[in-house]
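Here's the structure we're looking at; comments come further down.
Side chains are part of it too, since the values below use all heavy atoms of this structure and drop only hydrogens, waters and symmetry mates. Because the structure is a prediction, the values reported are computed rather than measured.
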Amino acid sequence: MLQPRYNRFWIGLSLGILSPILVLVMYWLFFYAYMSFPVRFITYLLNGNMLANVIKVCVLGNLAWFYWSMKKTWDAASKGVLTSVFLYLLLVLWISYYLETEIGRAHV
C-alpha cells in the first residue's frame with residue numbers, strides 16, 4: 001500500500017514542536033502584548049512560576065494533531081506528534097524542578 005505523502009515521522013515531530021510555540025505566541029499576543037516578547041514575557045512567567053503551566057496548556061493543542069493523524073491512519077506522523085509531547089514533558093519537568101524552584105527560593 002502506498003503511504004500518504006505527509007505520513008512522515010519528521011512532519012509529525014515538526015508539527016508537534018511548532019504548534020505549541022505558535023499557541024504561546026498567540027497567548028502573548030492576546031493577553032500580554034504590552035510586554036516585549038520573548039525576554040520580558042518569559043521572565044514574567046518565570047517569576048510568577050507560571051511558565052510550566054502555560055507550556056502545558058500550549059501543548060494541549062497537540063491533541064488535535066494527534067487525533068487527526070490517527071483518524072487518517074497516519075501512524076508515522078502521529079508517532080512524531082507523540083514524541084514532541086514527550087520532549088515538551090521533559091522541558092516542563094526541567095522548568096518546574098530547576099528554574100521555577102530556584103527563582104522561588106531566591107524570593108523567599
With a 4.5 Å cut-off on side-chain heavy-atom distances among I, L, V, M, F, W and Y, is there a chain of contacts connecting L29 to M50? yes

Y98 and L93, any side-chain heavy atoms less than 4.5 Å apart: no

Atom of A77, atom of N7 and distance for their closest heavy-atom approach: N-OD1, 3.1 Å

Taking side-chain contact (heavy atoms from CB on, under 4.5 Å) as the criterion, tell me which of V85, L24, V54, L87 meets it with V59. V85

Would a hydrophobic clustering, with Ile, Leu, Val, Met, Phe, Trp and Tyr connected at side-chain separations under 4.5 Å, put V25 with Y34? yes

Check: P20 and I55 side chains under 4.5 Å, non-hydrogen atoms: no

Any side-chain heavy atom of Y67 sitting closer than 4.5 Å to one from K71? no

Contacts of F31 meeting side chain to side chain contact (heavy atoms under 4.5 Å, CB included) (sequence neighbours excluded), chain-then-number -> Y27

With side chains defined as the heavy atoms from C-beta onward, is the minimum distance between W10 and L13 less than 4.5 Å? yes

Distance (rounded to the nearest 0.5 Å) between I42 CD1 and L99 CG: 11.0 Å

Please name the residue in the list W28, F37, Y32 that meets the ring-ring contact (aromatic ring centres under 6.0 Å, His included) test with Y44. Y32

Heavy atoms only: give me the nearest V92-K56 pair and the separation to one decimal. CG1-CE, 3.6 Å

Output the distance between atom CE (M26) and atom CD1 (I21), rounded to the nearest 0.5 Å. 13.0 Å

Test applied, side-chain contact (heavy atoms from CB on, under 4.5 Å); reference residue, M70; option that passes from W68, F66, W74: F66

So which atom in S78 and which in S69 form the shortest heavy-atom distance, rounded to 0.1 Å? CB-OG, 3.1 Å

So CG of L63 and OG of S19: to nearest 0.5 Å the spacing works out to 10.0 Å

Please report the shortest heavy-atom distance between N49 and N53, naming the atom on each side. O-ND2, 4.1 Å

Among the clusters formed by ILVMFWY side chains lying less than 4.5 Å apart, do M35 and V23 turn up in the same one? no

Treat each ILVMFWY residue as a node, draw an edge where side-chain heavy atoms are under 4.5 Å apart, and state whether I17 and I95 are in one component. yes

What heavy-atom pair brings I11 and R5 nearest, and what distance separates the two atoms? CD1-O, 4.3 Å

Nearest 0.5 Å, what's the CZ-CG distance between F41 and L46? 10.5 Å

